[in-house]
J.: 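Input: one structure, supplied below.
The first residue of the sequence shown is numbered 1, and numbering continues consecutively from there.
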Amino acid sequence: AYILSTSFIAIVIIAGAMLLGLPAPLTIIQILTIHLVCDGPPDIILGFDGKQSGLMELRPQDMKNEKILSGSVKFIILSVSLVVGSLILFVFNYFKADLALAQTISFATVGSVNLICIFSFRNLKKSIFNVEGFFSNPYLFLSLIYGYVIILVSIYSPSLNKIIGTVPLGLSHWLVVIGVALLASCVVELIKFVDRNDKIKNLLSRVIKKSH
């Protein structure tokens, strides 16, 4: 779910830019930098996260008929991809007069979403604030630091500016970048909250049935 969500964001902004007749929000080398350097280590380390408590309290699963991705997980992937991708496109369009700046903001935002959102994906049944052993996987935090070091070096190193096609960002730009990344985590947490609340789920089901 985490990998698909973060990967589809790039697809949404690139396809959206093509449909809207905008320049490319990310260059090829920026995409490679995000996925091969910033995105890779967190993906791997997340796979070695500690086991979740209360697993034995869940209902037995029919492995022959059980889907790899449940409906709520698919909804998380779709929502994060579309909401975050649309926001990045909006920000890119706002700054597009300076193409290098707009692409750098897109690059930093996609990278930040990948690094910050990972904590919401550690447990898709519980809130990020209720996950046991939040600091039990120190390597996950090291991967966060490592990813941001790569992003910052890519943005503020003059030699890499020429290779990756980035420019230095100011404080106001970073407020936008971090704001979008935090909003992405809020989207995941909101969907998890709705999925945990049977009353809200039943209400939404009735609304959907009436609309049909």
J.: Can you check whether I118 reaches I45 side chain to side chain, under 4.5 Å on heavy atoms?
T.: no
J.: For I28, does the CD1 atom sit with more than 12 other heavy atoms under 6.0 Å from it, leaving out its own atoms?
T.: no
J.: Side chains of Y148 and S112: is there a donor and an acceptor less than 3.5 Å apart?
T.: yes
J.: Could you tell me which non-hydrogen atom of I128 sits nearest to which non-hydrogen atom of K192, and how far apart they are?
T.: N-NZ, 4.2 Å
J.: If hydrophobic clusters are built by linking Ile, Leu, Val, Met, Phe, Trp and Tyr wherever their side-chain heavy atoms come under 4.5 Å apart, do F8 and V187 end up in the same one?
T.: yes
J.: If you take all heavy atoms of A181 and I116, which pair is closest and at what distance?
T.: CB-CD1, 3.7 Å
J.: With a sphere of 6.0 Å drawn around CZ of F90, does it hold more than 12 non-hydrogen atoms of other residues, nucleotides or ligands?
T.: no
J.: Between S5 and I77, which heavy-atom pair has the shortest distance, and what is it?
T.: OG-CA, 3.4 Å
J.: Other residues, nucleotides and ligands only: do more than 12 of their heavy atoms fall within 6.0 Å of OH on Y156?
T.: yes
J.: Parallel, tilted or perpendicular for H173 and F95, by the 30°/60° rule?
T.: perpendicular
J.: Consider only side-chain heavy atoms of I, L, V, M, F, W and Y, link residues closer than 4.5 Å, and tell whether Y94 and L169 are in one cluster.
T.: yes
J.: Could you tell me whether Y139 and Y146 have their ring centroids closer than 6.0 angstrom?
T.: no
